[in-house]
Amino acid sequence: MKRKTLTQYLVEQQRNGNAVTAELRLLLETVARACKGIGHAVTKGALGGVLGSLESENVQGEVQKKLDVLSNEILLEANEWGGNLMAMASEEMETIHRIPNEYPKGGYLLLFDPLDGSSNIDVNVSIGTIFSVLRAPEAASTREVEEADFLQPGTQQVAAGYAVYGPQSMLVLTVGNGVVGFTLDREMGTWVLTTESMTIPQDTSEFAINMSNMRHWEGPVKRYIDDCLAGETGPLAKNYNMRWIASMVADVHRIMTRGGIFMYPRDERPSGKKGKLRLMYEANPMSFIVEQAGGAATDGEQRILDAQPNALHQRIGVVMGSKNEVERVSRYHMED
Ligand code: AHG
Ligand code: MN
Ligand code: MN
Ligand code: MN
């Protein structure tokens, strides 16, 4: 049976009157091609001189890995000339990157975490790229695009996706019409449709959280995890399993594939008050994908996609995955 390619999927979405315009299709094909380039560099590892850290720090206060910067450059170069964008924003750039004047501009804004899971780069564990597409506000066509134009709630996204560079390279994408999964055919260099409709089971007994932060968690999270650890004789009456890969894309991809709940909650540290993960290019795109797959995504209490951003790099608590489990965590917060 001949499998569809990413282009065929996007042309079909364009034809059946979804939000996919020709311009958005071209943008997503360009991003997917850039992810192939990033995956190629990742696969080379030491042979490509891409491992290790740089002296530089990013706006997050993190020491940048070579691959953080290289992935960012690959996405900038691939998307600058295409004519579909007004500007781009990235975890690795302090402020927005406007399309240079010598290139035509388009109607979209692209945000990305070019390399997610950087702490796993040098130890050969799955890492990825996360991206989100917003429409540029009308007003931005008569003036210079500003950072404030990016500060739209996650409900405004027209597309979101991630690439996970693991044993297979996969691209998972939503344009608001469910979630599809592509596997990279390395011989042909094409993203081939391998999952027509990714859906997250409503229930789970597998949680993903960094347990070393337990002493910092707020009460409801502590109580929820304690109840999970109490097993089948505890209040939740089932034995839970735990996973933590420390690459959001890999943990969320597992949940997209077999269910689960992913948690990076805000905590009581000054640095953790708002959570660790970034709203605009980690939490929002992943929440759009998870919701489109029948899951749920909150900051512990409120729907992430409804959050009104007020800063490009703002952080947020994240609880996402199997709908019934995410709602259970919200109930622990309500009891507080
Ligand atoms: P990034 O590498 O893009 O900075 O993101 C890392 C994030 C996320 O991928 C992961 O879930 C989380 O950091 C892991 O945090 P800990 O190392 O604190 O577990
Ligand atoms: Mn990340
Ligand atoms: Mn990153
Ligand atoms: Mn980082």
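Note that the structure is a prediction, hence the values are computed from the model and not measured. Atoms within a ligand are numbered from 1 in the order they appear, just like the ligands themselves.
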Quiz item: So, Arg135 versus Gln152: side-chain donor-acceptor pair below 3.5 Å or not?
Solution: no
So does [X] pair up with [Y], basic N to acidic O under 4.0 Å?
{"X": "Glu268", "Y": "Arg215", "answer": "no"}
{"X": "Asp149", "Y": "Arg143", "answer": "yes"}
{"X": "Glu327", "Y": "Lys323", "answer": "yes"}
{"X": "Glu301", "Y": "Arg266", "answer": "yes"}
{"X": "Glu206", "Y": "Arg254", "answer": "yes"}
{"X": "Glu325", "Y": "Arg328", "answer": "yes"}
{"X": "Glu146", "Y": "Arg98", "answer": "yes"}

Exercise. Mind listing the protein N/O/S atoms less than 2.8 Å away from the Mn ion (ligand 4)? Waters don't count.
Key: Glu62 OE1, Glu91 OE2
Self-check item: Members sharing Val59's hydrophobic cluster (side chains within less than 4.5 Å)
Solution: none
Quiz prompt | Contact residues of ligand 1 (heavy atom under 4.0 Å), by chain and number | solution = Glu62, Glu91, Asp113, Leu115, Asp116, Gly117, Ser118, Asn210, Trp244, Ala246, Ser247, Met248, Phe262, Tyr264, Lys276, Leu277, Arg278, Glu282
Self-check item: Atom name in Glu282, limited to N/O/S, at shortest distance from the Mn ion (ligand 2)
Solution: OE2
Quiz item: Can you name the side chain to side chain donor-acceptor pair (under 3.5 Å) partners of Thr95, sequence neighbours left out?
Solution: Glu147
